[in-house]
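Data first, discussion second: the structure below is written as structure tokens.
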Amino acid sequence: MSDPTPTPPVVDPAPSAPPVVPDGATPPGTYPEGLGDPGKRALDAERARADQAERDLKALRDKADADAKAAEDAKLSELERAQQTANEARAAAEKQLEENQRLRFAFENGVPAAWVNRLQGSTPEELAADWAILQPTLAVQVDPNAPRVPAPVPNPGPQPGPPQTEDDLLYEEIYGSTPK
């Protein structure tokens, strides 16, 4: 007896591209002629093992590439650190050279010690120009052996009063101040 309702044909909604297969190999899901069930299972297992081996190989290659990149970056950062250290040393040496030039100029030109730190410039010419500007502003040198006159006291504060009597001294001793 036949079924009165026909079954619709099964249609694949999106046909997939045929798998890429190397020459001489059979595509996945297909088997050579005359291969029994045990051979098919063995072929499927071998295909699965080969796929896993390819995935593992790709992961190892990616890890090796990442490690090589990290090593290159580490070398680059070591190089950058060395360059930074060299730049800092060069800057410190230049600063020390400028300081030495300033001190040498001050010594050779008789700049007073109090004015040495005021000198500005990085070359002897710049230092000489700055010293030429500073010299007229210096105060007249005072002879250290000259007699000194004391400066007036701006606010002398309380001055001692007339001599106290015995009664005033006793009152101060008891109460702390004299009566007025």
Side-chain angles (χ1 to χ4, degrees), residues 1-139 141:
M1 297 208 188
S2 71
D3 190 10
T5 57
T7 59
V10 176
V11 177
D12 189 12
S16 60
V20 176
V21 179
D23 292 338
T26 58
T30 60
Y31 303 100
E33 296 284 330
L35 192 62
D37 285 338
K40 290 178 182 180
R41 284 192 301 269
L43 185 58
D44 288 340
E46 181 59 27
R47 287 176 179 166
R49 186 205 56 78
D51 290 342
Q52 182 63 38
E54 287 177 14
R55 285 191 299 271
D56 291 346
L57 179 62
K58 182 178 181 339
L60 287 174
R61 284 184 178 156
D62 291 344
K63 183 177 183 325
D65 290 343
D67 289 346
K69 175 75 172 145
E72 183 179 318
D73 290 345
K75 286 179 185 176
L76 182 60
S77 6
E78 287 177 18
L79 176 63
E80 288 173 350
R81 282 192 301 266
Q83 287 174 341
Q84 182 180 9
T85 303
N87 290 339
E88 289 171 359
R90 184 177 299 115
E94 288 172 359
K95 184 178 178 183
Q96 186 63 44
L97 179 63
E98 286 180 11
E99 176 71 10
N100 289 345
Q101 284 179 347
R102 187 171 55 84
L103 292 174
R104 183 178 302 118
F105 177 84
F107 176 74
E108 291 172 354
N109 292 292
V111 178
W115 289 80
V116 170
N117 289 334
R118 169 54 185 87
L119 286 176
Q120 300 294 320
S122 57
T123 65
E125 293 79 22
E126 291 173 357
L127 291 167
D130 191 41
W131 179 236
I133 294 170
L134 287 177
Q135 272 182 320
T137 63
L138 288 177
Q141 293 292 328

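None of the values given here were measured: they were computed from a predicted structure.
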Under a 4.0 Å N-O cut-off, is there an ion pair linking [X] with [Y]?
X: D67; Y: K63; answer: yes
X: R102; Y: E99; answer: yes
X: D44; Y: K40; answer: no

Point-to-point distance, once rounded to the nearest 0.5 Å, from [atom1] of [X] to [atom2] of [Y]:
X: R47; Y: L43; atom1: CZ; atom2: CG; result: 4.0 Å
X: W131; Y: L119; atom1: CH2; atom2: CG; result: 7.0 Å
X: L57; Y: Q52; atom1: CG; atom2: CD; result: 11.5 Å
X: R49; Y: E54; atom1: CZ; atom2: CD; result: 9.5 Å
X: L103; Y: E98; atom1: CG; atom2: CD; result: 12.0 Å

Heavy-atom pair of closest approach, residues A106 and V116
CB-CG2, 3.7 Å
Can you name the closest pair of heavy atoms from S122 and Q101 and give their distance?
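Closest heavy-atom pair between S122 and Q101: O-OE1, 2.5 Å.
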Flag yes if more than 12 heavy atoms outside E72 fall under 6.0 Å of its CD atom; otherwise flag no.
no
Given the rule in the side-chain contact (heavy atoms from CB on, under 4.5 Å) test, do K58 and R61 qualify, once you have shown the distances and angles that lead to the verdict?
CA-CA 5 Å; K58 182 178 181 339; R61 284 184 178 156; 5.7 Å; no
Hydrogens and angles aside, do Q83 and N87 bring a side-chain donor and acceptor to less than 3.5 Å of each other?
no
Would you say the side-chain atoms of Q84 and R81 include a donor-acceptor pair closer than 3.5 Å?
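Distance-only check fails for Q84 and R81.
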Qualifying residue for side-chain hydrogen bond (donor to acceptor under 3.5 Å, both in side chains) with D130, from R118, Q135, Q120:
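It is R118, the one option of R118, Q135, Q120 that forms the side-chain hydrogen bond (donor to acceptor under 3.5 Å, both in side chains) with D130.
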